Every structure is written in C-alpha cells, then in structure tokens.
Amino acid sequence: MGHRHHRALTARLVFLPQPLLVCGRVSRVLPRRGLMRLSRYFLPILRETPKEAEIVSHRLMLRAGMIRQEAAGIYAWLPLGLKVLNKITDIIREEQNRAGAVELLMPTIQPAELWRESGRYDAYGKEMLRISDRHEREMLFGPTNEEMVTEIFRAYVKSYKDLPLNLYHLQWKFRDEIRPRFGTMRSREFLMKDAYSFDLDQAGARHAYNRMFVAYLRTFARMGLKAIPMRADTGPIGGDLSHEFIILADTGESEVFCHQDYLGFAVPPADTDFEDAAGLQGLVDHWTSRYAATSEMHDAAAFEAVDAASRVSARGIEVGHIFYFGTKYSAPMGATVTGPDGQERAVHMGSYGIGPSRLAAALIEAGHDDDGIIWPDEIAPFHVMLLDLKTGDGATGAACDTLYKALTLRGLDVLHDDRDERAGAKFATADLIGIPWQVLVGPKGLASGKVELKRRATGERELLSIEEAVARIAG
RNA sequence: CGGGGCAUAGCGCAGCCCGGUAGCGCAUCUGCUUUGGGAGCAGAGGGUCGCAGGUUCGAAUCCUGCUGCCCCGACCA
C-alpha cells in the first residue's frame with residue numbers, strides 16, 4: 001500500500017468542500033450549487049405524455065424530466081428528480097438523527113448464507129432477485145436488511161450497556177415485483193430508508209418504536225404532508241406495534257378510513273425529548289387515539305361508532321411502515337447481549353421504513369394541478385425560478401442576474417430560465433416543474449422598475465420592485 | 001403467474017384488413033418575421049418499420065417463433 005496512493009489521496013482531499021453543517025438552509029444549499037442557467041442545465045421536458053404513464057405522478061415525472069425508465073420498474077433519476085430525492089433524504093436524515101438513530105451504509109448485494117440463517121432465503125420466493133458471482137456463490141440483491149444489520153450487530157454488541165441502538169441506512173433495494181407499475185410509486189428498484197432498533201426487552205423496544213413513530217410524524221409534516229398513522233397487520237408477532245403512515249391523496253392506491261381529528265393534530269415540535277419515554281408514549285397515544293385504518297384492517301362497526309361528521313373515508317398512499325418484531329431475527333441469528341443480571345438474551349428488534357423514491361411520486365399525487373407539479377417549499381428542486389421573458393433584451397437579463405445574486409446570497413436555490421424561448425413556453429415549463437416561486441422579468445414591468453412575483457401553488461401574482469421581491473421570497 | 005393490448009423518427013400517432021420500397025403533428029437544424037401563456041412562414045435533417053425465421057418476383061403489411069413494454073387481476077414499501 002504505497003506511499004504514492006497516500007499522497008494522491010491527500011492531494012484530492014484538499015479539494016473536497018468543507019463538511020456540511022447538519023442544520024440550516026444556507027449550509028445545505030450553497031456548496032452544491034453552480035450557476036443554474038437553464039440553457040446550461042439538463043432538463044429534458046416532454047411536451048406530450050408518453051403513453052405508458054397512467055397515473056398523474058408518473059406522467060408528470062416523465063414530462064418534467066425527473067426520471068427515465070430503463071426497464072420495467074427500473075428508473076434513472078435525472079438531475080431534477082435527483083434534487084427532489086435529495087431534498088427528501090435530507091429531511092429524513094435530519095429527523096432520524098434527531099430521534100437518535102445512527103446512519104451507516106450496507107451493501108446492495110448480500111450473501112445468500114445470511115438469509116439461510118434466518119430461514120428467509122427459501123421463504124422469500126421469486127420477489128428476491130437471486131444472482132451468483134463468478135465463483136458460483138449464491139448472492140442476492142437485497143430487498144431489505146434485517147439479516148445483515150443483525151449480523152453487524154451481533155458481531156460487535158455484547159452488553160446491555162450498549163443499548164438502546166438504532167442503526168439506519170438509505171440504500172437501493174430490489175424486489176422483483178410480478179407487476180411493477182405507477183412509475184416510481186411501485187418500482188422494482190427503489191430507495192428505502194430502513195432503520196433497525198435493538199433493545200434489551202420489549203419495554204425498551206416500545207420506546208424505540210415510539211421514537212421512530214414521532215420522527216415519522218415530523219418527517220412527513222416537514223414535507224408538507226398530512227400523514228396519518230394507521231394500525232397495520234403485525235403478522236405472527238401480534239401486539240399493537242405496527243403502523244403504516246398514510247397520506248391522503250385523491251388518486252391514492254388504497255381506500256382508508258379515519259377520524260377527522262387527525263387532520264388537525266399538532267405535530268410534535270423539533271425540541272421533543274426523545275429520551276423521555278413517558279412523554280413519547282403520550283404523543284403516540286394521542287396520535288393513535290382516534291379511528292384510523294386501511295381497508296385491510298378496516299372495522300366497519302368501529303368506524304360507524306365515530307360520529308358521522310367526523311368520518312373521513314378517502315384514498316391514501318402508504319409512505320412509511322414501522323413495526324416491532326421481537327426476537328424473530330435475533331434469536332435464530334444469535335444476536336444476544338448480556339443483561340444486568342448476567343443472563344444472555346436475544347435482543348428485541350423493530351424496523352422502520354420510508355421509501356423516498358415512492359415519496360417523490362406521492363408528493364406529486366398530493367400536489368399538482370392541470371398545469372403540472374406543485375412542490376412544497378421544503379421539497380422543491382429549486383426554490384425560485386427566474387423567467388427572463390425577453391432574452392437578449394439586456395435589461396431583463398441584467399435584472400435576472402441581480403435577482404439571482406440576491407436570492408442565492410440568501411441561501412435560496414435558484415433556476416434562471418435564460419433559454420431563447422417565448423414567454424409562453426417559459427410559463428408552461430415553470431408551471432410544469434412546479435417551482436414554488438416564479439419571478440417574471442419582462443420589459444413591460446421593468447419599464448416601471450417592477451417584476452412580477454408568482455406563487456405556483458395559488459397562482460397569486462404581485463408587481464414588486466426587485467428588492468421587494470427578494471424580501472418577499474426570502475421571507 | 002392468468003387475462004387483454006401495444007411495438008413504425010426524440011415524443012404522440014397514421015399506414016397493415018386489401019403486399020409494390022414509409023407518412024402526419026410536435027420536437028430538432030437553417031433563415032426571415034415575431035416576442036407576457038407552449039408563435040408564423042420558408043427550407044432541411046432524421047427511421048435496420050422490436051428481433052429471428054418463413055411465404056412471395058416483392059413484406060411495415062401475410063404466417064410462425066421470440067423479446068420488450070403497458071393495462072386488469074392476485075402480490076407488495
């Protein structure tokens with residue numbers, strides 16, 4: 001291992017950006033951005049809808065140049081789509097970290113051996129993509145990571161003093177669905193945040209479960225979504241520790257029933273104490289106090305007991321799923337710790353999933369109109385789009401440059417449409433890709449020193465000076 | 001995996017029934033005119049008609065097989 005390698009590595013490190021701070025808008029945005037001129041960007045928008053796309057999110061993701069299908073249920077994420085995916089994972093990471101989970105990264109390819117230990121290698125069926133390497137060793141493309149994370153845990157953790165522990169990662173998974181559909185909503189390859197908790201006993205596991213429960217409430221709320229926890233089937237383990245987080249969307253895949261009150265429940269604040277077991281339990285109790293069920297778990301009689309005015313029956317999309325499964329993997333795989341009493345025992349585990357690639361589609365299902373996508377501010381690939389309505393005019397270009405500098409200095413992500421296109425085409429593009437703020441810079445307005453600020457979600461427009469527009473957007 | 005459908009230019013489609021050497025709109029390129037809600041005119045480029053066989057003087061078109069993709073259902077984050 002040479003000297004040479006070492007030196008090359010050092011030289012390269014010099015050019016790496018400073019480590020990003022975890023919090024704050026500016027630190028997240030600044031190091032990544034170059035000058036975003038649409039004429040130099042890669043945004044292959046489609047004017048017509050490809051015929052294979054059935055649901056609105058799939059149509060819009062293709063039209064907005066976010067994704068490209070490479071095979072059934074397998075997609076390339078183009079620049080705009082990737083920016084959205086990254087915004088989603090940024091929020092997920094912040095909330096996982098806040099709740100005390102620790103990030104690592106496990107591989108996509110796993111040895112079959114691990115899955116034989118848990119007994120799932122044969123049980124999983126054809127959904128698992130099985131492959132073999134050049135030595136004919138049986139491998140698989142991971143559909144989930146319980147086995148592997150349990151293997152990692154058992155290799156190092158031996159004492160109850162190291163608990164509780166929650167390890168998570170964001171990694172691509174593959175499930176060879178019989179029938180992938182709905183674009184990235186139900187793809188074969190998909191990104192998943194999966195967290196795994198390890199505790200000494202069931203009480204500890206419940207606290208771990210509650211931490212994730214509250215983290216999920218915050219995560220989805222930050223994305224502008226109303227996610228409602230609904231009791232899910234716990235399978236052979238039983239108990240009440242499994243919830244699906246469902247967002248309501250008219251075009252949702254499944255029918256859901258819940259109490260109106262959920263739509264108004266307060267989301268736990270950022271300074272929630274995740275170590276306070278009793279406090280968390282109170283929050284979870286509150287958020288499970290009303291009726292809420294997917295069609296599989298629906299109890300018509302119980303729903304009828306809710307007063308008629310408060311009954312909400314709607315369509316929903318599952319965006320997260322958490323569950324406790326006890327010693328299902330730790331016992332067969334020998335993931336044990338020694339307790340305070342000197343006894344060795346299998347740890348109690350839970351797992352907690354969110355699908356960011358599915359969320360990207362779900363967010364569009366929940367936010368769009370006839371003209372295109374309507375991104376929530378926290379998720380939008382760019383915060384602001386500058387529309388130079390007369391490129392080559394000089395004055396409009398100069399005004400756009402001024403706006404660009406002022407907005408980026410305030411930590412905002414700006415896309416400048418400097419293409420040599422007519423105004424109408426720029427309006428259509430901006431509406432299609434759903435940037436929350438549009439600044440229309442045209443000769444008419446500039447004549448009186450004004451630009452027009454348009455809010456994508458509401459269509460509201462205001463004539464403002466450049467300074468006023470910047471102030472309004474930066475809020 | 002069962003049932004149905006599609007495959008012709010980057011995208012959307014026509015042509016196929018009735019075989020004769022490929023067309024329309026949008027997009028792309030050039031020029032001129034236009035310029036606040038996907039502009040107009042003129043011109044240009046771009047296709048092994050999914051793949052492989054077969055029938056025929058001749059196949060996008062008829063026949064056989066294969067592959068890919070989509071939709072409905074069962075399954076799933």
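Side chains included, hydrogens not; waters and symmetry mates left out as well; all remaining heavy atoms used. Quick note on labels: first sequence line is chain A, next is B, and so on, each numbered from 1. None of these values were measured; they are calculated from a predicted model.
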- request: Could you work out the separation of B:G43 and B:U48 based on their P atoms and round it to a whole Å?
  value: 26 Å
task: Specify whether A:Phe220 and A:Phe245 have parallel, tilted or perpendicular ring planes, treating 30° as the upper limit for parallel and 60° as the lower limit for perpendicular.
output: tilted
task: For A:Glu177, answer base if it contacts any base atom (sugar-phosphate contacts may also be present), sugar-phosphate if it contacts only those atoms, and nothing otherwise; contact means non-hydrogen atoms under 4.0 Å.
output: base
query: What distance, rounded to whole Å, do you find between the two P atoms, one in B:U61 and one in B:G50?
result: 8 Å
Spacing of the P atoms in B:C72 and B:G31 (rounded, Å): 47 Å
message: Checking A:Arg40 now: which residues fulfil salt bridge (Lys or Arg N to Asp or Glu O under 4.0 Å) with it, not counting sequence neighbours?
response: none
query: Partners of A:Glu138 by salt bridge (Lys or Arg N to Asp or Glu O under 4.0 Å), sequence neighbours excluded?
result: A:Arg116
Euclidean distance, atom CG of residue A:Leu363 to atom P of B:A77 [Å, nearest integer]: 19 Å
query: If the P atom of B:A9 is compared with that of B:G5, how far apart are they to the nearest Å?
result: 23 Å
task: Would you mind reading off the distance between A:Leu78 atom CG and B:G10 atom P, rounded to a whole angstrom?
output: 17 Å
message: I'd like the P distance from B:G40 over to B:G4, given in whole Å.
response: 44 Å
message: Run the side chain to side chain donor-acceptor pair (under 3.5 Å) test against A:Asp285 and tell me which residues pass, sequence neighbours left out.
response: A:Gln281
Where at least one partner belongs to residues 251-260 of chain A, residue pairs that pass salt bridge (charged side-chain N to carboxylate O under 4.0 Å, His left out), sequence neighbours excluded: A:Glu253-A:Arg358
query: Touch check for A:Glu318, heavy atoms < 4.0 angstrom, all strands: base, sugar-phosphate only, or nothing?
result: sugar-phosphate
task: Name the orientation class of the two ring planes belonging to A:Tyr75 and A:His58 (parallel below 30°, tilted from 30 to 60°, perpendicular beyond 60°).
output: perpendicular
- prompt: Atom CZ of A:Arg63 and atom C1' of B:C11: how far apart are they, to the nearest Å?
  reply: 11 Å
- request: If a pair satisfies ring-ring contact (aromatic ring centres under 6.0 Å, His included) and one of its residues is in residues 90-118 of chain A, list it, with sequence neighbours excluded.
  value: A:Trp115-A:Tyr124
- prompt: Counting only heavy atoms not in A:Arg68, do more than 12 fall under 6.0 Å of its CZ?
  reply: no
message: Please classify the nucleic acid contact of A:Ile317 as base, sugar-phosphate, or nothing, using heavy-atom distances under 4.0 Å.
response: nothing
- prompt: Please give, in whole Å, the distance from B:A77 C1' to A:Phe141 CZ?
  reply: 15 Å
- request: Take the angle between the ring planes of A:His298 and A:Phe257 and call it parallel below 30°, perpendicular above 60°, tilted in between.
  value: parallel
Inter- and intrachain pairs under salt bridge (charged side-chain N to carboxylate O under 4.0 Å, His left out), touching residues 119-128 of chain A, at least two apart: A:Arg120-A:Glu146, A:Arg120-A:Glu147
statement: For A:Arg179, the salt bridge (Lys or Arg N to Asp or Glu O under 4.0 Å) test, sequence neighbours excluded, returns none
message: Output the rounded distance in Å from CD1 (A:Ile88) to C1' (B:A77).
response: 14 Å
message: Closest approach to the side chain of A:Arg175, judged atom by atom: which nucleotide of B:A77, B:A7, B:C69 is it?
response: B:A77
task: May I ask you to verify if any side-chain N or O of A:Lys173 is less than 4.0 angstrom from the OP1 or OP2 atom of B:A77?
output: no
Under 3.5 Å, which N/O atoms of the protein pair with N/O atoms of nucleotides 32-37 of chain B?
{"residue": "B:U34", "atom": "O2", "partner": "A:Arg422", "partner atom": "NH1", "Å": "2.7"}
{"residue": "B:G36", "atom": "O6", "partner": "A:Gly445", "partner atom": "N", "Å": "3.4"}
{"residue": "B:G36", "atom": "N1", "partner": "A:Glu452", "partner atom": "OE1", "Å": "3.3"}
{"residue": "B:G36", "atom": "N2", "partner": "A:Glu452", "partner atom": "OE1", "Å": "2.1"}
{"residue": "B:G37", "atom": "O6", "partner": "A:Lys454", "partner atom": "NZ", "Å": "3.3"}
{"residue": "B:G37", "atom": "O6", "partner": "A:Arg461", "partner atom": "NH2", "Å": "2.2"}
{"residue": "B:G37", "atom": "N1", "partner": "A:Asp431", "partner atom": "OD2", "Å": "3.1"}
{"residue": "B:G37", "atom": "N2", "partner": "A:Asp431", "partner atom": "OD2", "Å": "2.5"}

Please list, one pair per line, the donor and acceptor atoms closer than 3.5 Å that link side chains of residues 433-450 of chain A to other protein atoms, with sequence neighbours excluded.
{"residue": "A:Gln438", "atom": "NE2", "partner": "A:Asp431", "partner atom": "OD1", "Å": "2.8"}
{"residue": "A:Ser448", "atom": "OG", "partner": "A:Gly445", "partner atom": "O", "Å": "3.1"}

- prompt: Hey, does A:Thr49 reach any base, or is it just sugar-phosphate, or nothing, if we go heavy atoms under 4.0 Å?
  reply: sugar-phosphate
message: In whole Å, measure the gap between the P atoms of B:C57 and B:G25 for me.
response: 38 Å
- prompt: What are the residues of residues 178-198 of chain A, sorted by number, that bring a heavy atom to within less than 4.0 Å of RNA chain B?
  reply: A:Ile178, A:Arg179, A:Arg181, A:Arg186, A:Ser187, A:Phe190
- request: Using a 4.0 Å heavy-atom cut-off across all strands, classify A:Lys426 as base, sugar-phosphate, or nothing.
  value: nothing
query: If you measure from the P atom in B:A7 to the same atom in B:C49, how many Å do you get, rounded?
result: 15 Å
Atom P, compared across B:C66 and B:C26: separation rounded to whole Å: 41 Å
query: How would you list, by chain and number, every residue that makes a salt bridge (Lys or Arg N to Asp or Glu O under 4.0 Å) with A:Arg98, sequence neighbours excluded?
result: A:Glu95
query: Near RNA chain B, which residues from residues 67-74 of chain A have a heavy atom under 4.0 Å away?
result: A:Gln69, A:Ala71, A:Ala72
